[in-house]
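First the proteins, then the strands, lettered A, B, ... as listed; each starts at 1.
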Protein chains: 2
Amino acid sequence: MSTGVNLKELAAELKLSPSTVSRALNDSYEISEETKKKVVSMAEKLNYQPNPFARSLRENKSKTIAVVMPERMSSFFSKVIDGIEEVTHQHGYHLLIYSTHEDVEREKKIVNLLMNGRADAIVMSVSSQTSDISHLARLHERGFPLIFFDRICDNIPTTKFITNDYESSFEGTRHLIQQGCRKIAFLMLSKELSITKERYRGYLDALKAAGLSPTPSLQVTCAHEEEKNIEAIRNLLLSEDRPDGLVSSVEKLALATYHAVKKTDIKIPEDLKIISFFSNLSIAGLLTPSLTTITQPAFNIGEECAKLLIKKLTKPRQPDLPNQTISIPSKITIRASTLVEY
Amino acid sequence: MSTGVNLKELAAELKLSPSTVSRALNDSYEISEETKKKVVSMAEKLNYQPNPFARSLRENKSKTIAVVMPERMSSFFSKVIDGIEEVTHQHGYHLLIYSTHEDVEREKKIVNLLMNGRADAIVMSVSSQTSDISHLARLHERGFPLIFFDRICDNIPTTKFITNDYESSFEGTRHLIQQGCRKIAFLMLSKELSITKERYRGYLDALKAAGLSPTPSLQVTCAHEEEKNIEAIRNLLLSEDRPDGLVSSVEKLALATYHAVKKTDIKIPEDLKIISFFSNLSIAGLLTPSLTTITQPAFNIGEECAKLLIKKLTKPRQPDLPNQTISIPSKITIRASTLVEY
DNA sequence: AGTTATTTCGCAATCGTTTCCGTATTTTAA
DNA sequence: TTAAAATACGGAAACGATTGCGAAATAACT
């Protein structure tokens with residue numbers, strides 16, 4: 001089905017051997033310029049396309065990179081992938097993309113499938129359920145190129161790209177305090193996640209630095225279902241110990257908060273000031289009131305992941321991906337949701 | 001690097017021939033139950049993973065489906081892909097995903113790359129620049145399984161999945177008219193696009209049915225850059241012949257409209273009522289005022305695309321994808337942006 | 001002129017599967 | 001009892017590319 005001419009047929013047409021044609025197409029020094037030209041023009045004429053599987057089989061590489069992430073409906077992850085694609089596309093690499101839907105079992109299944117070499121490398125952000133990382137450790141121990149972004153595994157000695165989670169969260173929380181907040185809530189996904197750990201730490205330290213003591217009831221761990229999250233946040237906002245400020249460690253919980261607020265008569269920013277890690281800038285400005293955001297350099301993170309991998313995969317004898325965590329800073333944009341004067 | 005045991009090594013370990021082992025693993029009738037068990041358990045013990053490229057080369061199929069779409073940062077396309085992945089994943093298929101960024105040249109490049117068989121089929125939604133469809137026609141003529149969704153090519157005789165663009169647009173426009181609008185604007189991307197043609201037709205017919213005559217200055221064709229779109233829409237809203245209602249044929253133009261409105265003192269819905277094709281329900285409810293939407297069955301469209309393809313690819317002798325256009329209806333949800341009483 | 005380099009190309013092995021044959025052994029049928 | 005058929009497995013070709021090695025033809029050198 002559909003497959004056009006192959007190397008042998010092309011060679012027959014040219015009255016040359018397949019090896020010569022292959023070398024000519026790969027611009028080998030062993031072939032005269034004259035025959036190279038003949039070969040190339042005939043290849044174009046017949047629209048010859050090398051079979052990628054034959055090549056992969058022989059060369060033991062696929063020119064494919066796999067991206068594994070927890071969800072697709074997220075401007076952060078979409079932008080990261082746009083960044084990855086931007087550089088991989090220039091180098092002729094293809095992208096296999098998998099969403100785990102925050103499900104470890106699915107993540108394990110995908111990772112194990114990927115161990116057979118279908119992709120040359122994996123770029124990944126772990127699911128919020130992931131605590132057992134044996135599937136990832138195994139992959140890495142086998143020498144499989146693996147790099148993390150955003151939601152990383154600290155224990156696996158490879159390169160990780162993150163934003164300055166701790167500092168951004170610290171600064172964001174400090175901003176709320178400066179705006180007069182004293183009872184600041186913190187919304188997070190699973191506590192297993194690297195990003196919640198760091199962002200939570202930044203939040204706590206900012207409270208401490210201001211002489212405020214953290215209130216356990218103001219720190220809520222959310223789940224995957226939006227409806228439940230909205231309800232949990234509403235309960236928080238209506239509780240006896242209601243917060244006057246709120247830090248959301250991920251985008252979707254900020255949206256859930258706006259939904260929750262809509263169901264009460266709480267006013268933002270008068271009664272409650274909100275700041276969130278957030279990547280969808282267009283929407284941040286459209287919320288009412290507009291949302292103060294900690295904007296992660298999503299596209300840039302994707303680009304850096306890809307650049308490093310491309311270097312590792314294309315240069316002849318590259319060392320392993322170094323065990324380092326590279327941080328690209330976020331940018332805080334203050335909007336109406338945290339302004340004293342609204 | 002990374003690759004474990006292969007079939008020959010596994011066979012040697014079992015003192016069997018590779019052919020026997022292959023057959024045993026593929027549950028061939030020619031192999032006794034006894035040896036099958038031995039083989040399977042040894043394969044598990046050694047964690048044998050068949051090389052996908054060897055298999056693809058031999059079988060001439062990749063267990064991979066390519067998805068080509070105009071942009072990634074869109075809840076519609078994200079949901080479609082989630083739908084596709086949901087069913088392909090169950091059948092052990094992998095997804096190569098490409099974004100054309102609304103660029104025909106890039107689309108052509110991708111499609112031509114895909115002709116070498118790297119994927120068993122292509123699911124695609126064309127770019128807004130795509131008027132010359134020769135690259136797609138060629139693909140299809142070669143017998144390559146190709147199906148369209150949303151932004152389709154009518155001239156290519158294969159299966160297309162869309163929503164009821166005409167009817168939804170008609171109903172949406174009629175809704176505006178019923179709410180008292182008399183000068184209704186229409187926002188669209190390129191007029192080449194199947195979806196704008198249909199939605200535009202629905203809009204025009206609804207006007208006609210109500211005895212209203214269309215005003216050319218109220219029909220604006222937008223581009224790719226958000227800033228420019230916002231400016232163009234602002235000019236529309238401030239023009240002499242300003243509209244009192246607006247139909248946006250795609251999600252991002254509705255967001256641009258909200259941005260544009262923010263820069264004026266126009267009030268929604270008092271001065272301007274808005275309805276839009278829109279997939280991000282969570283956001284629709286969060287806009288101020290909340291947005292009346294025509295919600296496309298994005299996830300469902302993805303599922304149906306994938307189901308059809310899987311059937312075509314996995315059953316032995318399937319006919320070609322029939323030349324038909326399957327429509328899955330959208331649902332209109334009325335929110336504050338079109339309500340008379342706000 | 002004779003020997004050595006250099007250029008240019010072909011042969012055949014290889015990557016890891018699957019599968020078409022062939023064959024030895026056992027079972028069934030006549 | 002013998003021929004036919006079923007069972008269970010191995011050998012080798014094939015998929016389509018790349019590449020080590022060898023070899024012919026030409027060029028360069030002594």
Side-chain angles (χ1 to χ4, degrees), chain A residues 1-40 42-43 46-64 92 113 115-120 314 316, chain B residues 1-40 42-43 46-64 92 113 115-118 120 316:
Chain A
M1 152 144 39
S2 79
T3 164
V5 295
N6 60 22
L7 195 63
K8 205 189 298 182
E9 294 163 1
L10 177 57
E13 195 69 29
L14 286 157
K15 299 189 192 307
L16 287 172
S17 79
S19 49
T20 300
V21 176
S22 172
R23 275 186 268 251
L25 291 173
N26 292 328
D27 201 29
S28 161
Y29 71 98
E30 297 186 272
I31 306 297
S32 70
E33 290 304 320
E34 195 186 2
T35 52
K36 273 184 193 171
K37 280 187 181 155
K38 279 187 204 163
V39 170
V40 169
M42 180 62 83
L46 300 187
N47 191 29
Y48 166 72
Q49 303 268 36
N51 182 307
F53 305 119
R55 184 175 278 177
S56 290
L57 178 59
R58 175 63 212 243
E59 309 227 295
N60 198 31
K61 53 182 162 187
S62 61
K63 279 249 173 188
T64 299
L113 268 178
M115 267 202 300
N116 61 12
R118 186 177 288 270
D120 295 336
T314 57
Chain B
M1 155 143 40
S2 79
T3 164
V5 294
N6 60 23
L7 196 64
K8 205 190 297 182
E9 293 163 0
L10 177 58
E13 194 70 27
L14 285 158
K15 298 188 193 309
L16 286 171
S17 81
S19 50
T20 302
V21 176
S22 172
R23 276 187 268 251
L25 291 173
N26 292 330
D27 201 30
S28 161
Y29 73 98
E30 296 185 274
I31 305 297
S32 70
E33 291 304 322
E34 193 185 4
T35 52
K36 273 184 192 171
K37 280 188 182 154
K38 278 186 204 165
V39 170
V40 169
M42 179 62 83
L46 300 187
N47 191 30
Y48 167 73
Q49 303 268 36
N51 182 306
F53 306 119
R55 182 174 281 177
S56 291
L57 177 59
R58 177 61 213 238
E59 308 228 291
N60 198 31
K61 53 182 161 185
S62 61
K63 279 247 172 190
T64 298
L113 268 178
M115 266 199 303
N116 61 13
R118 188 178 286 271
D120 295 337

My understanding is that only residues two or more places apart in sequence, or in another chain, count here; which of them pass side chain to side chain donor-acceptor pair (under 3.5 Å) with A/Ser22? none
May I ask you to list the residues of residues 19-33 of chain B, by number, that have any heavy atom positioned under 4.0 Å from an atom of DNA chain C? B/Ser19, B/Ser22, B/Arg23, B/Asn26
Can you pull the salt bridge (charged side-chain N to carboxylate O under 4.0 Å, His left out) pairs that have at least one residue in residues 46-56 of chain A, sequence neighbours excluded? none
Considering just the side-chain nitrogens and oxygens of B/Arg55, establish if one lies under 4.0 Å of OP1 or OP2 belonging to C/dG16. no
Would you indicate which nucleotide in C/dG16, C/dC15, C/dT17 comes nearest to any side-chain atom of B/Leu57? C/dG16
Return the CD1 to CG distance between B/Ile31 and B/Leu25, rounded to the nearest 0.5 Å. 10.0 Å
Sort and list the pairs that fulfil salt bridge (charged side-chain N to carboxylate O under 4.0 Å, His left out) and have at least one residue in residues 7-22 of chain B, not counting sequence neighbours. none
Filtered N/O pairs between nucleotides 25-27 of chain D and protein, under 3.5 Å:
none

Grab the CD-P distance between A/Gln49 and D/dA17 for me, whole Å please. 11 Å
Residue pairs, two or more places apart or on separate chains, that pass salt bridge (charged side-chain N to carboxylate O under 4.0 Å, His left out) and touch residues 21-31 of chain A: A/Arg23-A/Glu30, A/Asp27-A/Lys36
Taken to the nearest whole Å, CG/B/Leu7 to P/C/dT14 is 17 Å
Once you round it to whole Å, what is the distance between C1' of C/dG16 and CG of A/Asn60? 11 Å
Excluding sequence neighbours, so at least two apart, what forms side chain to side chain donor-acceptor pair (under 3.5 Å) with A/Ser17? A/Ser19, A/Thr20
Contacts of type side-chain contact (heavy atoms from CB on, under 4.5 Å), residue B/Ser56, not counting sequence neighbours: A/Phe53, B/Ser62
